[in-house]
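To keep things clear, I will list the structure first and then write my remarks on it.
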Protein chains: 2
Amino acid sequence: MVPALALRLDTFTRLSPEDRAALATISKVSRVIPARRDLIREGENPQYVHVMVDGWGCRYKTLPDGRRQIVAFFVPGDFCDLNVYVLKEMDHSIGAITRLSVADISREDMDNLTTNRPRITQALWWENLVTTSIQREWMLNIGQRTAYERIAHLLAELFLRLRSVKLTNGDSCDFPITQTDIADATGLTAVHVNRTLQELRRDGLIILEHKRLTIPDLQRLREAALFNPNYLHLTHEGQQLDANG
Amino acid sequence: MVPALALRLDTFTRLSPEDRAALATISKVSRVIPARRDLIREGENPQYVHVMVDGWGCRYKTLPDGRRQIVAFFVPGDFCDLNVYVLKEMDHSIGAITRLSVADISREDMDNLTTNRPRITQALWWENLVTTSIQREWMLNIGQRTAYERIAHLLAELFLRLRSVKLTNGDSCDFPITQTDIADATGLTAVHVNRTLQELRRDGLIILEHKRLTIPDLQRLREAALFNPNYLHLTHEGQQLDANG
DNA sequence: CGTCTGGTTGATACGACTCAAATTTGGTGG
DNA sequence: CCACCAAATTTGAGTCGTATCAACCAGACG
């Protein structure tokens, strides 16, 4: 099985067999975190860069009174904070949503990678810029879109991201996050998320049950979400080469 | 005059005279953009990395119907998208708020810098991570804080950022952004921002008039904003060395 | 088969939005 | 230096989207 990280970076550039080998080495699972447990907490000193090998996670921040904002979801193949060990302490936490297999990459291994594998380095740069871009889109989402658009947008984004690492099956995919998670990610309450999901279902935009999401008509969902995929920066060399061969 | 960029990076690390010289070269103003004009627009192909030398700017995204979200403010010394030329097209726009002096740095100059000046490279990494961290805090801000807390938080952040590049004067600073800008940055309407600013004034937390902001009691403002400065990652080597001599 | 988390529903409240107009400020040219 | 204009701020009245609180239900799991 091709590790999700390689699939992901392949979106950007065509990796050599040596590159793939290096990624396989790096993607070795070093930890399995049970569902709903934290991988690392705000205030701790980050030592490793993480790769999500299997399962879903999220990055979140909290306020003293318990209000919680999920600022990112992680799906397999996501790479976490290239160079984060430059910082003294974490300003947020990372938690597992499902049971999560993670590869911890030491600073040393990262340094080796960036000096010896320029193509991977470049691809990691790309992935870093895309992650930041997704954060910006989320700000637009939370700040400007209505509840309906907001949730539609989140679902469309996650579907596309999963598709890019081959974790979709036609028009559907596993979707393990709860309505409370969606609420914390969109700045809404769980009750309102529930009602809005019902609207989306009523309008035939989504089928969401038993932790499985189906999108019968992606184009319609995109329109409802005012979704412009440019921020995912998916059209790159890798894709073009794929198209040719 | 020490360029703001050097002041900013000095927060993180102690720069050598050669480092400073390199920064001075790079911080040469290559363009002056009139107030309220765009520096680069969504969809364009990014060729340069930018340094804000003088004046304020912002990064923003828009929806087809005109809704606009400011996702970041730039103040002097801010560095913009280390390595952005990796991407094919901009997913957002960058605009000038005041008249803005910018230094455009070519890919070539950046590559030179990163190969020859490891200390600067490290510091730019730090600045990159901090910028991303600020984005996360903004998501928490927009998604979870009340209007009152949200605006208080924004003002506190900008004040601290200006202070770190020595652009404050005691407890006050220039503050050229309009209430509409604040609205677009916080996900509120200009009318509501206006009323909330009046509340903040009434409570004695801020004095804001004639494009000048005064914070009589920063600690009180911080408390009102649920402001935790850890996300700015200001306590670093540079600061510690400063403390010793 | 009971427990528990996640999902659903209903009633009510309020924070923030909308629209519209008035007022103030700051910049520009006569 | 004043008149003028556009931009920014302020005010008021009415509305609406989303929150809150409180039950209740269902299906997953031990």
Side-chain angles (χ1 to χ4, degrees), chain A residues 34-37 56 58 63 65-70 95-99 141-152 154-155 174-202 206-213 224, chain B residues 34-37 56 58 63 65-70 95-99 141-152 154-155 174-202 206-213 224:
Chain A
R36 301 288 156 191
R37 269 271 234 309
W56 288 45
C58 69
L63 254 17
D65 62 7
R67 278 175 277 175
R68 169 170 183 257
Q69 178 69 40
I70 291 179
I97 287 177
T98 62
R99 207 175 104 101
N141 209 28
I142 301 169
Q144 303 299 328
R145 281 190 256 254
T146 63
Y148 187 89
E149 295 163 349
R150 231 182 271 188
I151 296 176
L154 178 64
L155 301 185
D174 282 335
F175 203 77
I177 69 183
T178 65
Q179 294 185 0
T180 304
D181 292 329
I182 297 179
D184 288 347
T186 53
L188 300 164
T189 57
V191 170
H192 199 58
V193 166
N194 181 281
R195 296 187 166 126
T196 308
L197 282 173
Q198 291 178 46
E199 275 189 76
L200 287 164
R201 289 194 191 100
R202 207 175 305 137
I206 60 164
I207 300 160
L208 177 54
E209 46 184 16
H210 309 305
K211 307 275 172 218
R212 191 143 187 100
L213 170 68
Chain B
R36 300 289 155 190
R37 271 263 239 313
W56 288 44
C58 70
L63 254 17
D65 62 7
R67 277 175 279 174
R68 171 175 125 117
Q69 179 68 39
I70 292 179
I97 287 177
T98 62
R99 208 175 103 102
N141 208 28
I142 300 168
Q144 303 298 329
R145 281 190 257 254
T146 64
Y148 188 90
E149 293 163 349
R150 232 182 269 187
I151 296 175
L154 177 64
L155 301 184
D174 283 334
F175 202 78
I177 68 184
T178 66
Q179 294 184 2
T180 303
D181 293 329
I182 297 178
D184 288 348
T186 53
L188 300 165
T189 57
V191 171
H192 198 58
V193 166
N194 182 280
R195 295 192 226 261
T196 308
L197 282 173
Q198 290 178 47
E199 274 189 77
L200 287 164
R201 291 194 189 99
R202 205 174 306 136
I206 59 165
I207 299 161
L208 177 55
E209 44 184 18
H210 309 304
K211 306 276 173 221
R212 192 146 186 97
L213 170 68

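Note that the structure is a prediction, hence the values are computed from the model and not measured. Residue numbers start from 1 in every chain, and the chains themselves are labelled A, B, ... in the order their sequence lines are given, proteins ahead of strands. FYI, side chains are in, hydrogens and waters are out, and symmetry mates aren't considered; it's all heavy atoms of this structure.
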### Summary
A/Asp184 atom CG is separated from D/dT18 atom C1', nearest whole Å, by 15 Å
### Query
Looking only at atom types and distance, does a side-chain atom of A/Asp181 sit under 3.5 Å from a main-chain N or O of A/Thr178, one as donor and one as acceptor?
yes
### Task
With sequence neighbours left out, write down each residue that passes side-chain contact (heavy atoms from CB on, under 4.5 Å) with B/Leu63, or none if nothing qualifies.
A/Leu140, A/Gln144, A/Arg145, A/Leu226, B/Asp65, B/Arg67
### Task
Could you encode protein contacts along nucleotides 10-25 of chain C as a string, one character per nucleotide from 5' to 3', using B for base contact, S for sugar-phosphate-only contact and - for no contact, with a heavy-atom cut-off of under 4.0 Å?
BB----BSBB------
#### Entry: By salt bridge (charged side-chain N to carboxylate O under 4.0 Å, His left out) - contacts of B/Arg195 (at least two apart)
none
### Message
As an exercise, state the distance from CD of B/Glu199 to CD1 of B/Ile206, rounded to the nearest 0.5 Å.
### Response
11.0 Å
### Message
Does atom CZ (B/Arg68) have a neighbourhood of more than 12 heavy atoms from anything else shown, all under 6.0 Å?
### Response
yes
### Query
Nearest-Å distance, CD (A/Gln179) to P (C/dT9)?
10 Å
### Query
Would you say A/Asn194 reaches C/dG7's phosphate, i.e. side-chain N/O to OP1/OP2 under 4.0 Å?
no
### Query
Could you state the CG-P distance from A/Leu213 to C/dG7, rounded to the nearest angstrom?
13 Å
## Note on the structure
B/Arg212 meets the salt bridge (charged side-chain N to carboxylate O under 4.0 Å, His left out) criterion, sequence neighbours left out, with B/Asp174
### Query
Given atom CD of A/Gln198 and atom P of D/dC25, what is their separation to the nearest angstrom?
16 Å
#### Entry: Atom-pair distance (CZ on A/Arg202; P on C/dT8), nearest Å
12 Å
### Query
Do the side chain of A/Arg37 and the main chain of A/Ala96 share a donor and acceptor less than 3.5 angstrom apart?
no
### Message
Which residues pass the ring pair (Phe, Tyr, Trp, His ring centres under 6.0 Å) test with B/Phe175, not counting sequence neighbours?
### Response
B/Trp56
### Query
Are any side-chain N or O atoms of A/Gln69 and backbone N or O atoms of A/Ala185, one a donor and one an acceptor, separated by less than 3.5 Å?
yes
### Distance in angstrom units between B/Arg36 CZ and C/dG26 P, rounded
15 Å
### Message
When the axes are fitted on five pairs at both termini, how much does the helix from C/dC1-D/dG30 to C/dG30-D/dC1 curve, in 10° steps?
### Response
50°
### Query
Does C/dT5 have OP1 or OP2 sitting under 4.0 Å from an N or O in the side chain of A/Lys211?
no
### Query
How long is the line joining CD of B/Glu209 and P of D/dT10, in whole Å?
10 Å
### Task
Using atom CZ of B/Arg99 as one end and atom P of C/dG27 as the other, report the distance to the nearest whole Å.
14 Å
